[in-house]
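Proteins come first, then strands; the chains are lettered A, B, ... in the order of their sequence lines, and each starts at number 1. Being a predicted model, the structure only gives us computed values, none of them experimental.
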Amino acid sequence: MSEKPHLFLIDGSSYIFRAYHALPPLTRKSDGLPVGAVSGFCNMLWKLIADGDKGIVGVMPTHVAVIFDAKGDTFRNAIYDQYKAQRPPAPEDLVPQFGLIRDAVRAFNIACIELEGYEADDIIATYSEQALAEGADVTIIGSDKDLMQLVRPGVMMVDTMKNKRIGEEEVAEKFGVSPDKVVEVQALAGDSVDNVPGVPGIGIKTAAQLINEYGDLETLLEKADGIKQKKRRENLIEFAEQARISKELVYLKRDVPLPLGLDALACCDLEGPKLVSFLKALEFTTLTRRVAEATETEAAEVEATSLEVAGWEAADPAAASESADAVDGDKTPGPLDLAAKMAADIGALPIDNQSYQTVRSMEELQVWLDEAKRIGYVAVDTETDSLDAMQANLVGVSLATEPGKACYIPLAHVSGDGDMFGGGLVEGQIPLTEAVTALKGMLEDPSILKIGQNLKYDTLLLSRYDIEIAPFDDTLLLSYVLDAGKHGHGMDELSELWLGHKPIPFKEVAGSGKSQITFDKVELEKATPYAAEDADVTLRLWMILKPRLAADGMTSVYERLERPLLPVLRRMEKRGVSVDRQILSQLSGTFAQGMAGLEEEIHGLAGSPFNIGSPKQLGDILFGEMGLPGGKKTKTGAWSTSASVLEDLAAEGHELPKKVVEWRQLSKLKSTYTDALPHFINPETKRVHTSYSLAATSTGRLASSDPNLQNIPVRTEAGRKIRTAFVAENGNKLISADYSQIELRVLAHMADIPQLKKAFEDGLDIHAMTASEMFHVPLDEMDAATRRRAKAINFGIIYGISAFGLANQLGISRGEAKTYIDTYFERFPGIRDYMEATKKAAREQGYVETIFGRKIHYPEINSKNPNMRNFQERAAINAPIQGSAADILRRAMVRMEDALSDASLSARMLLQVHDELIFEVPEGEVDDTIKVVRTIMENAPMPALQLSVPLKVDAEAADNWDEAH
DNA sequence: CCTATATCGTA
DNA sequence: GTACGATATAGGA
């Protein structure tokens, strides 16, 4: 115990306000309780403890206390009734956090001190004094300038938020005098924030100069008539008393009657379970995990503290839907209503798209960047000359910082007149490179949250300008997570829905069809209202949707499965995949030849030429002129000429429909793949860059477009040839890794089916096992036809089976199909239970969930239209299965890149096809890569979830996709 | 010129 | 029976 005691005094009250203002104002617990400030505060405390002597303070404390301002007036109000009188009341959503922060301090086993009639600063001053007297060192954790008067040898200030140490030197720098003269300077200069009057016309600079000259306030006031400057002299004389009062106000009392002696502040050991229990109750998942790890606490075994929050009533989630429909006035608003209220408030603000600023100079731009820095978030939208982010050029950027406060920064607009040569750059635009540099600072600033709609586009575009946007929120993803199944998530749709405002259509500024112009040719007068409005709308949508995230309990889906996947997909898109033009062109030729031959035969059989590609003409020939028996009808009443109908006719011995089926296959392959794909080869990169949509499907699957690389043929031999055109670069291989039967495995887990689980554990052929169970055929005597039936039923189950559908699929009667299904349910009663439970859940709550909590809504599940209702029921049965599998692969993708680089592998993830990932990897790294990929994919649900069924991944490497698959 | 429909490629 | 996107045709604007 030879070490010198060291006391930490933490200025709690100032931290509360700083944490509150530093974080986006929307952090809430799942029941809506605002906890942003508590979160910031807890993180600060934890960092202080966890960093220990490695942190900014550099020493470990022996004693610690957190000091708060008590409620109500202090002795200073008796001295000067205007003291802090202009302070607005604390924000509504901060009020319930005051008590919680005190609870937090206690959970950390730290003394928590406040005293009526005194400010925290006075208590800190008194403790400092006493500690010094007893030979201890003191560190004040805070940044309030009023505390700076306490700095002296043995007393140091540390601002942990700015990671700054404030010693005598820093104080002298700020006030121009040594710390012991700080009060003299403050007495003269006053403080508008605290309403300390000071002497008019004297600021810190002048005050420091005067104090350095005269020594102290009293001496100065005595000799004031000797001051040369007339106005200053007069003011010093006239306001002498005011200065004395000011000094009294800023001088910190050092003789406060302390409620606890220094000994009582001695550090106690952290109690892991106690702290974890508290953090868990507040749903601070990351911090809970960190604390649990550091204190070796088993977080899962600790029960969350039950919180009692003054001024707050936790919502009953079950009551939420009722209260939404409730008649006004009969209920106190709960937190869920608060998110709704926010939506209503922001939705009610009118939008005036003529009020936006066009930013034309760096000075103007800087004002916006400063504002973004000050508030910590900004809505961003880019304008370009193409929908393809891999080829688009940046044309302008719009920003919004408040509803209605938005701007457009044109950067590359050209005058449209100059005909085919185009005009030059429009005057009055900031040079592109200069603006990009300035914007880069803001867009990469970790303290500024960037808010966008469909940011994958903007981040991909800007990554080509060497800008890596972070951190970010995406309103497209927010809406998707909250409302999948209810409506689309495009900005225009969301704007009309939430803001009751129809944004200016793109067509209105750029025209449409042949006369459409690119955005760089749009006049600035038209461009600004359009572009800035997008940023304005995006910001408002964020303000409405972000609070709902916690209120609806969707934070973890958003933060684990959506937001982190966006940069992963952006990189996959940017990498692209190598596609061999020659192979495709060769295939096109082959397909064309085949089509030509078939065409001749078909026309010959028909007796006259017609457009084979026209279902209408084909129907007329088949069912009109040739008088074949028409099978199915189409939605609009026309004869169906679908492949299944034509195949039935062919089976009856008709040549023509058989030839048409062949022709159609070739036509499809040629037009959709071999002819179309080469147009997607990027001239610069020589690769094909698909675009993945994170928010296109209701279930959580991705969608691929432009081109769609998730439907490249594989089932027929001719089609598979197209896959040989997807190749690895020289010296590389393509690896295809796909989950085996992931949806059936997910179903076995969710519905808890013992036979299925056993079969997967034993690595059995699942369809054969199903067939064996259903038809009582031993596995080793299984025939292909029986297995095929079982396979169809397994798929049918996943799709929300109907006798009609199964009959169709297997070409059997509905009665027979019904018998199969009944047999299946007899053998696997758990599946029927699962399906009934899922339908019930959908009917009662309007949505179903995946195993990771993704919600899929079915607003028409109780429809009176049986077709609609049945359809929604099947979809609701399918969604948790398909969606859970999709979530698993999402988790794997989010982790994959780091896992590969941690293993020093240079494999690049290129494509995703629902249950398959494609990588491009140097030949020498193939085996190691497969190991890593398999581990990540097979363990993707963990640690959030341990499936009761093993996941299996098949992986293979080859020179092209066909051979790797 | 634009949109709806039919068809078919994938998981 | 689920979930998608691309293509060509056809018909109304």
Original post:
Which is true for A:Asp706 with a 4.0 Å heavy-atom rule: it touches a base, it touches only sugar-phosphate, or it touches nothing?
Top reply: sugar-phosphate
Original post:
Between A:Gln617 (CD) and B:dT7 (C1'), how many Å, whole number?
Top reply: 15 Å
**OP:** For A:Ala676, answer base if it contacts any base atom (sugar-phosphate contacts may also be present), sugar-phosphate if it contacts only those atoms, and nothing otherwise; contact means non-hydrogen atoms under 4.0 Å.
**Re:** sugar-phosphate
Original post:
Going by the angle between their ring planes, with limits at 30° and 60°, are A:Phe623 and A:Trp639 parallel, tilted or perpendicular?
Top reply: tilted
**OP:** Quickly work out the A:Lys670 NZ to B:dG9 P distance and round it to whole Å.
**Re:** 16 Å
Subject >> Distance below 4.0 Å between A:Ser704 side-chain N/O and B:dT10 OP1 or OP2 >> reply: no
**OP:** Could you tell me whether A:Leu806 contacts a base, only the sugar-phosphate backbone, or nothing, with contacts defined as non-hydrogen atoms closer than 4.0 Å?
**Re:** base
Subject >> Which nucleotide in B:dT7, B:dA11, B:dA6 has an atom nearest any side-chain atom of A:Arg664 >> reply: B:dT7
Original post:
With respect to the phosphate group of B:dA6, does any side-chain polar atom (N or O) of A:Thr641 fall under 4.0 Å of OP1 or OP2?
Top reply: no
Subject >> Geometric class of the A:Phe775/A:Tyr820 ring pair [parallel <30°, tilted 30-60°, perpendicular >60°] >> reply: perpendicular
**OP:** By nearest nucleotide on DNA chain C, pick out whichever of A:Thr699 and A:Ser705 is the more 5' one.
**Re:** A:Thr699
Original post:
Please give, in whole Å, the distance from B:dT7 P to A:Leu669 CG?
Top reply: 18 Å
Original post:
Below 4.0 angstrom from OP1 or OP2 of B:dT10, is there any side-chain N or O of A:Arg715?
Top reply: yes
Original post:
What is the distance from CD1 of A:Ile612 to P of B:dC8, rounded to the nearest Å?
Top reply: 14 Å
**OP:** Check the distance between B:dC8's C1' and A:Ile712's CD1 and give it to me in whole angstrom.
**Re:** 13 Å
Original post:
Which part of the nucleic acid does A:Ala876 contact within heavy-atom distance under 4.0 Å: base, sugar-phosphate only, or nothing?
Top reply: nothing
Subject >> Salt bridge A:Glu938-A:Arg745, side-chain N to carboxylate O under 4.0 Å >> reply: no
**OP:** Grab the CD-C1' distance between A:Gln710 and B:dA11 for me, whole Å please.
**Re:** 8 Å
**OP:** Step through it carefully: locate the ring centre of A:Phe828, locate the ring centre of A:Tyr824, and say whether they are under 6.0 Å apart.
**Re:** yes
**OP:** Using a heavy-atom cut-off of under 4.0 Å over every strand shown, decide if A:Asn611 touches base, sugar-phosphate, or nothing.
**Re:** sugar-phosphate
Original post:
Which is true for A:Gly796 with a 4.0 Å heavy-atom rule: it touches a base, it touches only sugar-phosphate, or it touches nothing?
Top reply: base
Subject >> Of the listed nucleotides B:dG9, B:dT10, B:dC8, the one nearest the side chain of A:Ala643 >> reply: B:dC8
Original post:
Is a salt bridge present between A:Glu920 and A:Arg687, judged by a nitrogen-to-oxygen distance below 4.0 Å?
Top reply: yes
**OP:** Measure from NZ on A:Lys668 to P on B:dT7 and round the result to the nearest Å.
**Re:** 11 Å
Original post:
Which nucleotide span of DNA chain C, 5' end to 3' end, has atoms closer than 4.0 Å to non-hydrogen atoms of chain A?
Top reply: C:dG1 to C:dG11
**OP:** Give a yes/no verdict on a cation-pi contact between A:Lys855 and A:Tyr847, requiring under 6.0 Å between NZ or CZ and the six-membered ring centre and an angle within 45° of the axis.
**Re:** yes
**OP:** Report which part of the nucleic acid A:Ala886 touches: base, sugar-phosphate, or nothing (heavy-atom distance under 4.0 Å, all strands).
**Re:** nothing
Subject >> Touch class at under 4.0 angstrom, heavy-atom based, for A:Arg701 against every strand present >> reply: base
Original post:
Where do A:Gln882 and A:Thr699 land on the side chain to side chain donor-acceptor pair (under 3.5 Å) test, with the steps shown first?
Top reply: CA-CA 7 Å; A:Gln882 188 187 116; A:Thr699 54; 2.7 Å; yes
Subject >> Nucleotide B:dT7, atom P - distance to NZ of A:Lys616 in whole Å >> reply: 13 Å
Original post:
How about A:Tyr858 and A:Phe871: are their ring centres within less than 6.0 Å of each other?
Top reply: no
**OP:** Apply side chain to side chain donor-acceptor pair (under 3.5 Å) to the pair A:Ser736 and A:Arg723, showing each step before the final yes or no.
**Re:** CA-CA 12 Å; A:Ser736 160; A:Arg723 291 200 169 205; over 6 Å; no
Subject >> Sugar-phosphate, base or nothing in reach of A:Thr697, heavy atoms under 4.0 Å >> reply: sugar-phosphate
**OP:** Would you mind classifying the nucleic acid contact of A:Ser512 as base, sugar-phosphate or nothing, using non-hydrogen atoms under 4.0 angstrom?
**Re:** sugar-phosphate
